[in-house]
Amino acid sequence: MKVEQDLHMSRGDGETSYAANSRLQEKAILKTRPLLHKAVEEAHASLSGLSRAPAGGKMVVADLGCSSGPNTLLVVSEVLSAVANRSSCDHKSSLVADVQFFLNDLPGNDFNLVFQSLELFKKLAEMEFGKALPPYYIAGLPGSFYTRLFPDRSVHLFHSSYCLMWRSKVPDKLASGEVLNAGNMYIWETTPPSVVKLYQRQFQEDFSQFLALRHDELVSGGQMVLTFLGRKNRDVLRGEVSYMYGLLAQALQSLVQEGRVEEEKLDSFNLPFYSPSVDEVKAVIRQSGLFDISHIQLFESNWDPQDDSDDDDVATLDSVRSGVNVARCIRAVLEPLIARHFGRCIVDDLFDMYARNVAQHLEQVKTKYPVIVLSLKARR
């Protein structure tokens, strides 16, 4: 697996596309809206000390792992809203900052779908904000956020949602072809401790690299708001996200038993993924010495993106429907990787099996994703 080439959400806007199945990610953006608005306001405020030359009136915002579909431009809308509010409250300055957006994702991302929706977005933004709409410009920026993306000290705000649990690569020993995590695609109950350590080391290396790169690219006083899947359970082998991938691995194992998938294919399929705990995240940030943590918390979101209930004790009312909803959500994320590795012919049946596995699980316990959100400010 070559992550930079192969990892992307399902393209287009059809029934199984990411654009049509990304409500879970939308809920996270809305949940973290106050934190994003605060970061925008602080980044915007830092412009007041700059020269009134044209460059001094520009705020650069980068959305890392922007994907495609309505959530991409939802982030843009939220930033514009925060800038408009800030500008209307800042009576000391007649300068209205231009906002330059860079929408970043891997080259396989469906940038065309994003660009095709810009005209409608422009009309809706003009209707919503009227004269308060700040001048803004949007550009696509393909590339891995584990590489350098911008010149030194050129970005005021980095935003990333539901992305940093993805690794830059599958750990080398797992990708070498040696079977180390048989029957699994991620960490699960039968995963050896040595494999867990490989995933943890890859997370530490990737996140450290990410922080160092962004620190170089941020202006003085620059901000970051990051949201990604994490882990509430201290037991790495039974992390909440591990259940999700464990149930999908069980569906693949069923196809192996039916002779439709080669066992070797399953044993060689390892996800470039790791969901850390809050303590693991804090440890890497502190070790880097590059950022101050303004805010960090963990919140939870139901597996079923259509389930907005908050009660932990209430069983899933319609586990079959929830199973289908969860399967559609995960299919929109993983179908490209699965189709490339196993062949497209198994995809429909695989996710039908997966939906049933999820339904049976939700009949026993209502499960939630732990989501980590943090706001960081660059040290200088």
Side-chain angles (χ1 to χ4, degrees), residues 9-10 15-32 65 67 69-71 161-166 184-189 191 227-254 271 273-278 297-335 337-338 347-348 350-373:
M9 306 298 102
S10 294
E15 182 180 354
T16 61
S17 69
Y18 179 80
N21 294 280
S22 53
R23 187 167 188 264
L24 193 68
Q25 294 81 356
E26 176 192 13
K27 289 163 74 171
I29 293 170
L30 296 177
K31 175 81 172 180
T32 59
S67 195
N71 294 338
S161 186
Y162 264 70
C163 298
L164 278 168
M165 61 277 189
W166 291 106
N184 300 311
M185 63 174 64
Y186 180 54
I187 297 169
W188 187 229
E189 294 174 344
T191 298
T227 308
F228 49 93
L229 289 178
R231 193 178 71 254
K232 183 179 180 181
N233 195 328
R234 291 185 178 182
D235 186 349
V236 182
L237 294 179
R238 293 169 180 81
E240 296 80 0
V241 180
S242 295
Y243 277 96
M244 176 187 71
Y245 288 136
L247 294 172
L248 185 57
Q250 287 177 8
L252 281 166
Q253 289 165 10
S254 296
L271 289 176
F273 188 97
Y274 183 73
S275 54
S277 67
V278 170
Q297 73 175 101
L298 183 145
F299 65 90
E300 294 180 285
S301 186
N302 294 324
W303 268 18
D304 182 352
Q306 306 302 323
D307 182 356
D308 296 330
S309 63
D310 294 326
D311 197 330
D312 295 339
D313 299 326
V314 175
T316 303
L317 295 177
D318 188 344
S319 60
V320 173
R321 171 50 54 189
S322 288
V324 171
N325 292 340
V326 173
R328 285 178 177 173
C329 179
I330 302 306
R331 176 173 179 168
V333 173
L334 291 185
E335 180 174 358
L337 288 179
I338 287 174
V347 170
D348 288 341
L350 172 65
F351 284 99
D352 284 346
M353 290 182 179
Y354 179 54
R356 292 194 289 271
N357 289 351
V358 172
Q360 291 172 5
H361 174 79
L362 292 178
E363 284 178 0
Q364 305 301 318
V365 57
K366 184 172 183 177
T367 313
K368 299 188 176 187
Y369 296 109
V371 184
I372 296 172
V373 56

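Values below: every heavy atom of this structure, side chains too, minus hydrogens, waters and symmetry copies. Owing to the predicted nature of the structure, the values given are computational and were not obtained by experimental measurement.
Here CD1 of Ile330 is found 8.5 Å from CH2 of Trp303. Values are rounded to the nearest 0.5 Å. Distance check: Lys368 NZ to Asp304 CG gives 12.0 Å after rounding to the nearest 0.5 Å. Taking OG from Ser242 and CE from Met185, the interatomic distance works out to 12.0 Å, rounded to the nearest 0.5 Å. Rounded to the nearest 0.5 Å, atoms CE (Met165) and CZ (Phe228) are 9.5 Å apart. The distance from atom CZ of Arg356 to atom CD of Gln250, rounded to the nearest 0.5 Å, is 13.0 Å. The line from CZ of Arg23 to OG of Ser301 is 9.0 Å long, rounded to the nearest 0.5 Å.
Ring centroid separation for the pair Tyr245 and Trp188 does not come in under the 6.0 Å cut-off.
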Working for salt bridge (charged side-chain N to carboxylate O under 4.0 Å, His left out), residues Arg331 and Asp348 = CA-CA 9 Å; Arg331 176 173 179 168; Asp348 288 341; 2.8 Å; yes

task = For the pair Asn302 and Tyr369, evaluate side chain to side chain contact (heavy atoms under 4.5 Å, CB included) and give the outcome as yes or no after the intermediate values.
result = CA-CA 6 Å; Asn302 294 324; Tyr369 296 109; over 6 Å; no

message = Evaluate Val371 against Glu300 for side chain to side chain contact (heavy atoms under 4.5 Å, CB included), listing each step before the verdict.
response = CA-CA 6 Å; Val371 184; Glu300 294 180 285; over 6 Å; no

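With hydrogens and angles disregarded, a donor-acceptor distance shorter than 3.5 Å links the side chain of Lys27 to the backbone of Pro305.
The closest side-chain heavy-atom distance from Gln306 to Arg321 is not below 4.5 Å. The closest side-chain heavy-atom distance from Asn357 to Leu248 is not below 4.5 Å. Between Arg231 and Val241 there is no side-chain heavy-atom pair separated by less than 4.5 Å. Side-chain contact between Ile372 and Leu229: absent, with no pair of heavy atoms (C-beta onward) separated by less than 4.5 Å. Contact check for Asn325 versus Val358: no side-chain heavy atoms found under the 4.5 Å cut-off. Asn71 places none of its side-chain heavy atoms less than 4.5 Å from the side chain of Tyr162. Between Tyr274 and Trp166 the shortest side-chain heavy-atom distance does not fall below 4.5 Å. The shortest side-chain heavy-atom distance between Ser275 and Tyr186 falls under the 4.5 Å cut-off.
Nearest approach of Ser319 to Ala359, heavy atoms of both residues: O-CB, 3.3 Å. Of all heavy-atom pairs spanning Ile29 and Ser161, the tightest one is CG1-OG, 3.9 Å. Across every non-hydrogen atom of Ala355 and Ala327, the tightest pair is CB-CB, 3.8 Å. What you find for Val236 and Ile187 is that their closest heavy atoms are O-CG2, 3.6 Å.
Heavy atoms of other residues, nucleotides or ligands lying less than 6.0 angstrom from NZ of Lys232 number 12 at most.
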